[in-house]
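Any value given below was found using the heavy atoms of this structure, including those in side chains, with hydrogens, waters and symmetry copies removed.
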Amino acid sequence: MAKKIKKTEDIKQLLNQGLKDYVTEKGKKPFFIYQLVDYLQLAGLDFYDYYSSISELEQEVWKNYMSETIDRLFSEPVFQEYSGREKLLAFYFTWIEVLKEDESYTTKYAKKLNFLPGKGFLKGAKQVYLQFVNSVISQGKESGEIVNRVIISDQYDQAIWLQFLFLMKFWSTDASDDYEKTDAAIEKAVNATFDLFGRNPIDSIFDFGKFIVQNKNIKHFF
């Protein structure tokens, strides 16, 4: 017997959860839309009133994971007091906790990740993530935690996106107790990133070289 659901948001929520359940139970996503509709006993439902494809539904599921993660972060008053490094660390730890709540579903997707510029299931999530990351980068630049470098600075967010993909893939294959290795990977990756983005010996060497070149008395040393 078909279920009767009236509100659009309720139907979208049902389709979101239904996709997770379908993938978890059958080990793969539905190839045809009617397979999901039939699975949910929603005979007569026009799927296209809500989504243009299964891919669009997938994207919303993952965008919701991302939004949920960021909502949890900002629900903690102390989060606003964090440095940029601490905010990114908090994000990753919270993100993994959100994914673990639907682990049977999320690991199936995470294991298939690659580092190619994709428009797949993370398309919507990426937009939300980069918005968050750019706010962290801006904060870091204002505080001096992150150095504003010509040209390179414009690619900071994309570098952190690759970091995100790496950590998500790492988590999906981590067999350690309570994902201890993932926790360690998160800490090392974020610390390495902020050490690289912050002022480091390379900047000092560059500044010194620039000073020498610009110094009018340099000719006296040759």
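Taking the six-membered ring for Trp and the full ring otherwise, the centers of W95 and Y92 sit at least 6.0 Å from each other.
Closest approach of P77 and S75 over heavy atoms only: CD-O, 3.4 Å. Considering all non-hydrogen atoms of both residues, A90 and Y82 come closest at CB-CE1, 4.1 Å. Considering all non-hydrogen atoms of both residues, V136 and G84 come closest at CG1-O, 3.5 Å.
With rounding to the nearest 0.5 angstrom, the CG atom of L57 is 9.0 Å from the CD1 atom of I33. Note: T94 OG1 to E76 CD = 8.5 Å, rounded to the nearest 0.5 Å. In this structure, CG in L42 is found 7.5 Å from CD1 in I11, a value given to the nearest 0.5 Å. For the atom pair CZ of F121 and CD of E60, the computed distance is 15.5 Å after rounding to the nearest 0.5 Å. Considering CD of Q17 and CG of L40, their distance stands at 9.5 Å, rounded to 0.5 Å. Atoms CG and CE, from D71 and M66 in turn, are 12.0 Å apart once rounded to the nearest 0.5 Å.
Looking only at distances, a side-chain donor or acceptor of E86 sits under 3.5 Å from a matching main-chain atom of S83. Under the 3.5 Å distance criterion, the side-chain polar atoms of E145 are left unmatched by any main-chain donor or acceptor of F194. Judged purely by atom type and a 3.5 angstrom limit, D157 has no side-chain atom pairing as donor or acceptor with the backbone of L130. Of the possible donor and acceptor atoms, none in the side chain of D178 sits under 3.5 Å from a partner among the backbone N and O of E180. A distance-only check finds no donor-acceptor pair linking the side chain of S104 to the backbone of T24 [under 3.5 Å].
With sequence neighbours left out, the salt bridge (Lys or Arg N to Asp or Glu O under 4.0 Å) criterion links D21 to no other residue. Not counting sequence neighbours, the partners of S153 by the side-chain hydrogen bond (donor to acceptor under 3.5 Å, both in side chains) test are N148.
No side-chain donor from either of E103 and T107 sits under 3.5 Å from a side-chain acceptor of the other. A donor atom on one side chain and an acceptor atom on the other are found under 3.5 Å apart for Q139 and K87.
Between I186 and I96 there is a side-chain heavy-atom pair separated by less than 4.5 Å. Contact annotation: the side chain of L113 approaches that of L122 to within less than 4.5 Å [non-hydrogen atoms, C-beta and beyond]. Taking 4.5 Å as the limit, some side-chain heavy atom of V23 sits within range of a side-chain heavy atom of Y109. Between N16 and E58, the closest side-chain pair of non-hydrogen atoms is not below 4.5 Å. Proximity of I160 to I137: side-chain heavy atoms (C-beta onward) are separated by under 4.5 Å at one or more points. The shortest side-chain heavy-atom distance between E97 and T69 does not fall under the 4.5 Å cut-off. Looking at heavy atoms from C-beta onward, L15 lies in side-chain contact with L45 at the 4.5 angstrom threshold. With a 4.5 Å cut-off on side-chain heavy atoms, Y22 and Q35 count as touching.
Applying the 6.0 Å contact sphere to NZ of K112 captures no more than 12 heavy atoms from other residues, nucleotides or ligands. Within 6.0 Å of atom CZ in F74, more than 12 heavy atoms from other residues, nucleotides or ligands are found, so the atom counts as buried in its surroundings. With a 6.0 Å radius and a threshold of 12 heavy atoms from other residues, nucleotides or ligands, Q158 has its CD atom above the threshold. Crowding of K181 atom NZ: a count of heavy atoms from other residues, nucleotides or ligands under 6.0 Å not exceeding 12. Within 6.0 Å of CD on Q131 lie no more than 12 heavy atoms contributed by other residues, nucleotides or ligands.
Ion pairing between a basic and an acidic side chain is recognised when a charged N comes within 4.0 Å of a carboxylate O; R85 and D195 show such pairing. Salt bridge present: K20 and D102 bring a charged side-chain N and a carboxylate O closer than 4.0 Å. Here R72 pairs with E101 in a salt bridge; the nearest charged N to carboxylate O distance falls below 4.0 Å.
Neither F32 nor F47 shares a network with the other; the hydrophobic side chains, linked directly or stepwise wherever heavy atoms of I, L, V, M, F, W or Y lie under 4.5 Å apart, form separate groups for each. Grouping the Ile, Leu, Val, Met, Phe, Trp and Tyr side chains by contacts below 4.5 angstrom, directly or via other members, places Y39 apart from F31.
With a 6.0 Å cutoff to the six-membered ring centre and a 45° limit on the axis angle, K169 does not count as a cation-pi contact of F166.
Pairs engaging residues 127-155 under the ring-ring contact (aromatic ring centres under 6.0 Å, His included) rule: F91-Y129, F91-F132, Y129-W161, Y129-F164 [sequence neighbours left out].
Ring-plane geometry between Y105 and Y65 is classed as tilted, the angle between the planes lying from 30 to 60 degrees on a 0 to 90 degree scale.
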